[in-house]
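To keep things clear, I will list the structure first and then write my remarks on it.
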Amino acid sequence: MNARTGLDLRAASPFPATCMVTMVNGAAKYMADAGSYDRITYEAMDSRYAQGAAETVAARLAGILRELRHEPVSVTRDRHRSSSP
């Protein structure tokens, strides 16, 4: 994803600090924002993804962040509880 998509995700995030890291530990090429396809940028022309894919992924990530913010999950509390009283 490009910087524009990262800024959009940061703006949609419910957290005070959100940083999107991409192209880490291998890469699947570029996922350009929809406007990059209209401007015929290098990122869009070298992308394996369809126009709008970055916005779709960013919207889903924003949804996941909102779910994390509103529904904290305890990982260890109930898992190790004994079945006997």
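No hydrogens, no waters, no symmetry mates; every other heavy atom, side chains included, goes into these values.
- In this structure, A34 and G52 approach most closely via the heavy-atom pair CB-N, 4.3 Å.
- Clustering ILVMFWY residues whenever any of their side-chain heavy atoms sit less than 4.5 angstrom apart, transitively, puts I64 in a cluster other than the one holding L7.
- Annotation for A32 and S47: closest pair N-OG, 4.4 Å, computed over non-hydrogen atoms.
- Rounding to the nearest 0.5 Å places CD of E43 at 14.0 Å from CE of M1.
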What do the steps show when you test V57 against M31 for side chain to side chain contact (heavy atoms under 4.5 Å, CB included), and what is the final call? CA-CA 10 Å; V57 171; M31 186 180 285; 3.9 Å; yes
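- Counting only residues at least two apart or on different chains, the ring-ring contact (aromatic ring centres under 6.0 Å, His included) pairs with a member in residues 36-66 are Y30-Y42.
- Ionic pairing of E67 and R60 is present here: one or more N-O contacts between side-chain nitrogen and carboxylate oxygen are shorter than 4.0 angstrom.
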Going by atom type alone, with no hydrogens or angles, which donor-acceptor pairs under 3.5 Å involve a side-chain atom of residues 8-21 and a protein atom two or more places apart or on another chain?
| residue | atom | partner | partner atom | Å |
| --- | --- | --- | --- | --- |
| D8 | OD1 | R4 | NE | 3.2 |
| D8 | OD1 | R4 | NH2 | 2.9 |
| R10 | NE | T18 | O | 3.3 |
| S13 | OG | F15 | N | 3.1 |
| S13 | OG | T18 | OG1 | 2.5 |

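- To the nearest 0.5 Å, atom CG of residue D46 and atom OG1 of residue T41 are 9.5 Å apart.
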Could you walk me through whether I40 and M45 pass the side chain to side chain contact (heavy atoms under 4.5 Å, CB included) test, one step at a time? CA-CA 7 Å; I40 310 175; M45 297 304 101; 3.8 Å; yes
